[in-house]
Each structure stands twice: as C-alpha cells, then as structure tokens.
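To keep things clear, I will list the structure first and then write my remarks on it.
Naming: A, B, ... by sequence-line order, numbering from 1 per chain. As the structure is a computational prediction, the values presented were derived from the model and not from experiment.
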Protein chains: 2
Amino acid sequence: MSNDATRTRARDAAGPDRALLELERFLPYQLNVLMEAVSRSLSKLYGERYGLSVPEWRVIATLGQYRTMTAKQIGAHSRMNKTMVSRAVSALQRRGVVRRDRNANDRREEFLSLSDEGREIYDDLAPRAARFADTLLEALSVEERAHFTQMLWRLEERAKQISAARGKDII
Amino acid sequence: MSNDATRTRARDAAGPDRALLELERFLPYQLNVLMEAVSRSLSKLYGERYGLSVPEWRVIATLGQYRTMTAKQIGAHSRMNKTMVSRAVSALQRRGVVRRDRNANDRREEFLSLSDEGREIYDDLAPRAARFADTLLEALSVEERAHFTQMLWRLEERAKQISAARGKDII
DNA sequence: TGACATTAGTTTCAAATGTAACTAATAACT
DNA sequence: AGTTATTAGTTACATTTGAAACTAATGTCA
C-alpha cells in the first residue's frame with residue numbers, strides 16, 4: 001500500500017482517501033455548473049425566438065435599458081470587449097434592429113439605439129427574461145433572495161480584491 | 001413626451017423611466033459577472049504556473065480526485081463534451097502529465113490517470129485552488145457559506161426543472 | 001501650427017470550441 | 001455466425017472568440 005507509486009506524501013498526510021480538492025465542494029465549480037444551466041435556458045429563449053447570439057442579446061438588453069449608448073459604454077456595461085460589441089452591433093444593424101448615429105461633436109463614436117423593430121424585440125424578450133429569473137428565484141424564499149444577491153455581490157468584491165492583490169501571495 | 005416614437009405602450013404602462021429589465025438586478029447577469037471574475041483569477045493560477053488551459057485543468061482536477069477514469073467519465077464529471085476531453089487528454093499525454101491504459105476487457109475505452117509528473121502538478125495546484133476558494137469565501141460568514149452553497153444547489157435544481165418543463169410555457 | 005499620443009471602433013489572424021462525420025470495438029438480435 | 005445498432009473516442013470542418021494591428025478622429029504639448 002505505501003509503496004504504491006501513485007500515492008504521494010501529500011496524499012498520505014491527508015489521511016484516508018480524501019482528495020486535495022473535491023470538485024463538487026469547490027465554489028468555482030459549483031458556480032460554473034449553475035451558470036451553465038442558467039445561461040443555457042436563457043439563451044434558448046432569445047436564440048429560438050429571434051436567432052440572437054449571446055453578444056447580440058446583451059447589446060439589445062443594454063440598449064433596451066439605457067436607450068442610447070456608444071459602443072464603448074455598451075462594452076463596459078455588458079462586459080464585452082470592443083471586438084465583440086463591434087461585431088454584435090454591426091450584425092444587429094444589418095438586421096435593422098439597431099440604429100447608429102454618429103456623434104457630430106466627436107466623430108469617432110456613434111450613438112447606438114434600438115430601432116422600432118429592435119424595441120419590439122426587447123419588449124417581447126425582456127419581460128420573458130425577467131419572468132425566467134423570477135421562476136428561478138422561486139427556489140429561494142423572499143428573504144433568501146435578497147440575501148443571496150447580497151452575497152453574490154460580496155463575493156464579487158472579494159474576487160476583485162484578490163486579483164488586485166495578486167503577487168503579494170494572498171493566494 | 002408621449003409622442004416620443006421610441007417610447008412604447010409597454011414602457012408607458014411601466015411608469016417613469018424604469019426599464020423592463022434591469023441588468024444589474026438580473027440574476028443571470030449577476031452570476032455571469034461573478035463567474036467571470038472568479039474563473040479569471042483561477043485560470044490565471046494554473047495558466048501562469050503550468051500553461052494549462054481550462055479543459056486541461058479540469059482533466060487534471062478530475063483525475064487528481066478520482067485517480068482513474070475513462071474519458072467519458074471525465075467528461076460527465078467535469079461537464080465537457082467528448083471532443084474537449086479528447087483534445088485535453090491527448091495534449092496532456094504528449095506532455096507526459098497523463099497516462100492512458102487500454103481497458104483489456106473493452107478495448108474501446110482507456111483508463112486515464114495522472115503520471116507522477118501529473119500528480120506533482122495536482123499536488124501543487126489543488127491546495128492553491130482550495131486556498132483561493134477559501135479566501136473568496138471569507139467574504140461570507142461561516143453560516144452564510146453553507147447557506148450559500150445550499151442555495152446554489154437549489155437554484156440549479158430549479159434551472160433543470162425549468163428547462164425540462166420548457167414548452168409547457170412555464171417561461 | 002505641427003508632431004506625437006490617445007481614443008473609438010474595425011479588421012485581421014490565430015487559437016478555442018462545437019457539430020457532425022468518422023473509426024474501431026462491443027452488444028444485441030435473428 | 002452474421003447482420004445491425006450502439007458506444008468510446010478521434011478527426012475534420014465551420015463558427016466563435018480574443019489579441020493585436022490598423023484606421024480615423026481628437027487631444028496634448030512644444
């Protein structure tokens with residue numbers, strides 16, 4: 001048993017067959033599993049109804065909420081790099097979903113907004129998406145929902161801290 | 001104001017400027033933001049130290065925990081399709097990190113396991129990953145941690161239910 | 001004013017990924 | 001036994017993505 005080549009000192013020290021890392025108890029793994037289930041369902045929604053890709057949906061959702069934005073603002077808000085925003089916007093414009101208006105004061109940027117057709121799509125999708133999230137949250141009690149959101153937010157802050165402090169071997 | 005062409009009936013009914021969907025309060029969005037922050041930090045860990053890709057890390061983490069598995073089992077457990085598993089495994093084998101042993105009883109499949117070098121990598125990375133998750137979870141109190149995990153799990157179950165019930169317009 | 005730096009957005013190219021077709025082996029049915 | 005179906009895993013091809021180079025416009029500073 002102790003001469004089993006694949007059994008290292010570290011594992012021996014850890015006692016009976018307990019792995020150094022149990023994936024099912026590992027937060028990034030758990031988050032990933034949930035995230036995948038959620039985004040699969042959601043993307044089915046806008047994918048089947050309007051043939052939208054994820055980045056396209058994000059652009060529509062952002063413009064639906066904020067009415068007018070530059071590509072850069074959309075990227076900052078929906079967490080996409082400028083390449084993805086550029087591609088999604090031009091695809092949506094070709095489809096007549098998004099309008100571009102050059103800013104006369106700074107002709108590098110354009111003001112983007114939903115066309116009438118784009119707004120129709122948003123008005124159809126947004127409530128469905130909201131309903132989807134509500135249905136999901138029925139898994140939690142009302143108090144839990146607020147608490148959960150709060151915890152998500154704190155974890156995110158902590159994640160930012162960690163990656164900022166990287167190098168100072170916090171990890 | 002009410003003759004603004006971009007303002008639809010739906011929005012009017014919703015009252016003063018309140019969007020149909022507020023992204024920052026939308027669960028899939030929140031999850032995505034957290035997930036991205038977390039997985040960026042984590043992948044920096046194994047990316048910088050050993051030049052591992054996400055799928056490669058998943059294979060190592062799975063084999064580290066379960067010692068021996070077929071490619072199919074790894075896929076089921078780490079939620080990758082067989083193509084990704086195949087590619088990650090063969091890259092890792094080329095690097096001498098993973099060993100393959102054909103199953104003599106069913107020569108279609110192979111038993112995969114970490115080589116000594118692979119186990120060294122795992123023994124280095126796994127505790128770091130665990131420490132990363134612990135550091136992250138310091139954002140929550142001890143009681144909250146258990147509660148949070150529990151809620152994640154319930155949400156996941158609910159997400160599965162929803163996508164199963166799709167068509168019966170639960171959404 | 002004129003050189004240089006920065007910024008918004010696009011395009012190009014390489015890497016990552018998913019789907020579907022494929023190979024080799026086993027199982028199932030007759 | 002022999003034909004057909006299923007399964008494990010690989011490969012080929014198309015699509016998606018990200019990083020870096022690029023274009024066009026604005027800002028900065030001498």
Side-chain angles (χ1 to χ4, degrees), chain A residues 32 35-37 39-44 46-48 51-59 62-63 66 68-95 98-113, chain B residues 32 35-37 39-44 46-48 50-60 62-63 66 68-95 98-113:
Chain A
N32 187 54
M35 184 65 221
E36 232 166 68
S39 75
R40 186 176 307 274
S41 267
L42 182 62
S43 74
K44 191 164 289 173
Y46 50 76
E48 283 179 354
L52 296 172
S53 68
V54 178
E56 286 163 5
W57 152 254
R58 287 187 184 177
V59 167
T62 306
L63 288 179
Y66 291 98
T68 287
M69 272 190 160
T70 67
K72 179 173 194 172
Q73 289 173 317
I74 293 178
H77 197 269
S78 63
R79 299 174 162 263
M80 296 193 286
N81 62 42
K82 58 187 184 172
T83 306
M84 289 241 289
V85 175
S86 170
R87 286 195 272 238
V89 165
S90 67
L92 290 171
Q93 188 208 19
R94 273 195 299 278
R95 272 182 60 172
V98 158
R99 250 182 43 188
R100 325 168 85 128
D101 296 293
R102 245 198 203 315
N103 177 2
N105 296 331
D106 183 344
R107 303 183 39 257
R108 286 173 301 187
E109 66 185 13
E110 300 173 303
F111 295 127
L112 304 167
S113 54
Chain B
N32 186 55
M35 181 68 220
E36 231 165 69
S39 74
R40 184 174 307 273
S41 268
L42 182 62
S43 74
K44 191 163 290 173
Y46 50 76
E48 282 179 354
Y50 297 102
L52 296 172
S53 69
V54 179
E56 286 164 3
W57 152 255
R58 288 186 184 178
V59 167
I60 290 178
T62 306
L63 288 179
Y66 291 99
T68 288
M69 271 190 160
T70 66
K72 180 174 193 171
Q73 290 173 318
I74 292 177
H77 197 270
S78 63
R79 302 177 159 262
M80 295 193 285
N81 62 42
K82 58 187 184 171
T83 304
M84 288 241 290
V85 175
S86 170
R87 286 194 271 236
V89 165
S90 67
L92 290 172
Q93 189 209 19
R94 273 194 299 278
R95 272 181 60 172
V98 158
R99 250 182 43 188
R100 326 168 85 128
D101 297 292
R102 262 232 133 53
N103 176 2
N105 295 331
D106 183 344
R107 303 184 38 257
R108 285 171 301 187
E109 66 186 13
E110 299 174 302
F111 295 127
L112 304 167
S113 54

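A/Arg87 contributes no side-chain N or O that forms a donor-acceptor pair with the base of C/dG9 under 3.5 Å.
B/Ser78 approaches B/Thr62 most closely through the heavy-atom pair CB-OG1, 3.7 Å.
Comparing D/dT17, C/dT26, C/dT10 by their nearest atom to the side chain of A/Ser86 picks out C/dT10. The side chain of A/Arg108 sits closest to C/dT6 out of D/dG18, C/dT6, D/dG9. Side-chain proximity of B/Thr83 to C/dA20, D/dT26, C/dA25: nearest is C/dA20.
Each of B/Arg102 and A/Asp106 was assigned the nucleotide of DNA chain C with the nearest heavy atom; the assignment lying further toward the 5' end belongs to A/Asp106.
Contact check, A/Arg40 against C/dG18: no side-chain N or O comes under 4.0 Å of OP1 or OP2. Proximity of B/Lys72 to the phosphate of D/dA8: a side-chain N or O atom is located under 4.0 Å from OP1 or OP2. Of the side-chain N and O atoms in B/Arg107, one or more sit less than 4.0 angstrom from OP1 or OP2 of C/dA25. Contact annotation: B/Arg100 side-chain N/O to D/dT10 OP1/OP2 distance is under 4.0 Å.
For the atom pair CZ (B/Arg99) and OG1 (B/Thr68), the distance works out to 8.0 Å, reported to the nearest 0.5 Å.
Within 4.0 Å (heavy atoms only), B/Thr70 reaches sugar-phosphate atoms of the nucleic acid but no base atom.
The aromatic rings of A/Trp57 and A/Tyr46 sit parallel, their planes meeting at an angle under 30°, below the 60° perpendicular limit.
The number of heavy-atom neighbours closer than 6.0 Å to CZ of A/Arg102, taken from other residues, nucleotides and ligands shown, is above 12.
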